[in-house]
Amino acid sequence: MKQEKILVIGAFGQLGTELVPALRALYGEANVIASDVREPSPLNSIQGPYVSFDVLDKKALETVVRRHHITQIYLLAAMLSATGEQFPTKAWDLNMQSLINVLEVAKDQHLNKVFWPSSIAVFGKSSPKKDCPQDGPFDPTTVYGISKIAGEHWCNYYFQKYGVDVRSIRYPGLISYTAMPGGGTTDYAVDIFHQALAKNEYTCFLHHQTALPMMYMPDAVRATLELMEAPAYLIKNRHSYNIAGVSFTPAELAEAIRTYLPDFVMNYRPDSRQSIADSWPDSIDDTAAFRDWGWEARYGISAMTREMLQHLAARYPSTGERSELLHPAVFA
Ligand code: SER
């Protein structure tokens with residue numbers, strides 16, 4: 001079997017931070033090159049092979065791919081929904097041109113596989129709220145969502161026309177304890193854990209009853225690897241797959257946190273992100289991913305909340321005094 005050499009673009013982001021170690025565990029550290037436009041710093045320290053370049057610079061991308069004998073690319077660099085609304089043309093340029101550059105290089109240098117993330121942001125007001133189906137309708141309300149649905153078509157185009165083996169997942173909001181998300185509408189579901197542990201209080205930028213599709217990072221990493229490891233003939237969809245994790249409202253998440261921090265106080269002050277959240281589905285139908293490559297989520301809200309709090313508690317030393325359940329002795 002040909003030895004794979006993988007380039008992860010956007011390695012310092014929320015997903016990249018976790019996907020790089022998972023890929024290295026599978027393929028070996030030397031075979032996974034982390035890359036980002038940012039230089040490494042104490043905040044985003046990364047072990048192992050690393051290159052810094054701008055994916056919008058196609059020549060630089062070509063050089064990195066050739067120099068490192070890359071056979072697969074994971075393109076994770078993107079501007080998310082909320083930030084994208086502040087910088088619409090910049091979001092479009094980054095999200096689209098990065099993908100076109102990667103697909104072109106994959107075609108020209110005959111790469112084995114490409115991974116590109118899409119999002120629940122491809123859906124909009126006319127999409128069903130509950131168990132939103134794989135095939136739409138799509139009417140994105142954000143530049144981020146427009147770039148994702150356009151990108152899905154580009155992926156399918158490069159597969160149909162040039163045979164590029166590009167695979168994609170529509171991620172829900174991702175929840176993790178290692179890296180913070182950057183500029184999304186679902187970011188509250190990570191911030192809340194830090195604020196609950198630091199201050200026992202959080203002011204949510206969404207309404208208490210706004211349900212959104214979410215996923216705990218270990219499920220998201222496993223979904224990505226399972227999709228990429230599946231034999232090509234199983235991947236019937238070359239646009240992008242819906243995957244469901246867990247759906248909940250801010251009020252339900254606050255309640256789950258109160259299992260561990262009974263005095264936790266949640267306030268609500270919806271801002272401009274509310275209208276984005278209102279346009280997205282509450283929950284996702286992922287039967288196509290289950291049927292084609294066997295996808296099934298493992299984490300519900302209880303297990304996810306427990307793990308998030310237990311992992312983060314060490315960073316907030318007073319937590320043990322406030323919660324017996326989060327005392328280091330309990331889960332050591
Ligand atoms: N988490 C993303 C966002 O909120 C959705 O894909 O923008």
Side-chain angles (χ1 to χ4, degrees), residues 10 13-19 74-88 90-92 94-96 98-99 115-125 127 129 132 134 136 138-152 155 168-193 204-207 210-217 219-221 223-224 227 239-250 253 270-284 286 289 297 304 308:
Q14 190 194 16
L15 184 56
T17 304
E18 308 241 5
L19 204 50
Y74 286 63
L75 170 59
L76 309 179
M79 198 182 289
L80 294 188
S81 60
T83 312
E85 291 310 283
Q86 287 164 33
F87 308 102
K90 222 172 152 189
W92 176 258
L94 172 63
N95 297 358
M96 283 294 85
S98 59
L99 177 61
F115 176 78
W116 179 76
S118 185
S119 160
I120 54 165
V122 296
F123 298 114
K125 289 207 160 71
S127 316
K129 279 276 173 203
C132 188
Q134 172 75 38
F138 308 104
D139 58 352
T141 55
T142 59
V143 172
Y144 175 66
I146 297 171
S147 72
K148 288 299 180 187
I149 196 68
E152 288 188 11
C155 290
S168 176
I169 277 173
R170 289 180 190 135
Y171 291 113
L174 299 182
I175 299 172
S176 63
Y177 55 84
T178 49
M180 298 296 277
T185 303
T186 55
D187 292 11
Y188 92 85
V190 178
D191 292 343
I192 189 173
F193 288 101
C204 184
F205 58 74
L206 297 181
H207 189 270
T210 307
L212 284 173
M214 301 279 187
M215 183 171 282
Y216 190 39
M217 189 59 90
D219 268 346
V221 167
T224 312
L227 173 73
H239 288 87
S240 191
Y241 280 99
N242 274 7
I243 56 166
V246 51
S247 282
F248 52 76
T249 65
L253 184 55
D271 65 16
S272 59
R273 288 167 280 193
Q274 182 66 48
S275 63
I276 300 177
D278 286 341
S279 75
W280 289 351
D282 296 356
S283 61
I284 295 290
D286 61 359
M304 183 268 295
M308 282 294 288

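Quick caveat, the model's predicted, so the values are computed rather than measured. Residue numbers start at 1 and run along the sequence shown. Note that ligands are numbered from 1 as they come in the structure, with each ligand's atoms numbered from 1 the same way.
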Report task. Hey, could you give me each pair passing side chain to side chain donor-acceptor pair (under 3.5 Å) that has a residue in residues 143-152? Not counting sequence neighbours. Result -> Asn95-Ser147, Ser118-Glu152, Glu152-Arg170
Requested in this report: Could you walk me through whether Phe87 and Val143 pass the side chain to side chain contact (heavy atoms under 4.5 Å, CB included) test, one step at a time?
Outcome: CA-CA 9 Å; Phe87 308 102; Val143 172; over 6 Å; no
Query raised in the report: Can any side-chain N or O of Asn242 pair as donor or acceptor with the backbone N or O of Ile284 at less than 3.5 Å?
Result: no
Query - Lys90 atom NZ: more than 12 heavy-atom contacts under 6.0 Å - result: no
Query raised in the report: For the residue pair Tyr188 and Phe248, does the interplanar ring angle fall in the parallel (under 30°), tilted (30 to 60°) or perpendicular (over 60°) class?
Result: perpendicular
What short N/O contacts, under 3.5 Å, does ligand 1 make with the protein, listed by atom pair and distance?
residue  : atom  : partner : partner atom : Å
ligand 1 : 1 (N) : Thr186  : OG1          : 2.8
ligand 1 : 4 (O) : Ser81   : OG           : 3.4
ligand 1 : 4 (O) : Thr185  : N            : 2.6
ligand 1 : 4 (O) : Thr186  : N            : 3.2
ligand 1 : 4 (O) : Thr186  : OG1          : 3.3
ligand 1 : 6 (O) : Ser119  : OG           : 2.6
ligand 1 : 6 (O) : Tyr144  : OH           : 3.2
ligand 1 : 7 (O) : Ser81   : N            : 3.1
ligand 1 : 7 (O) : Ser81   : OG           : 2.6

Query raised in the report: Has the side chain of Asp219 got a donor or acceptor atom that lies under 3.5 Å from a matching backbone atom of Ala297?
Result: no
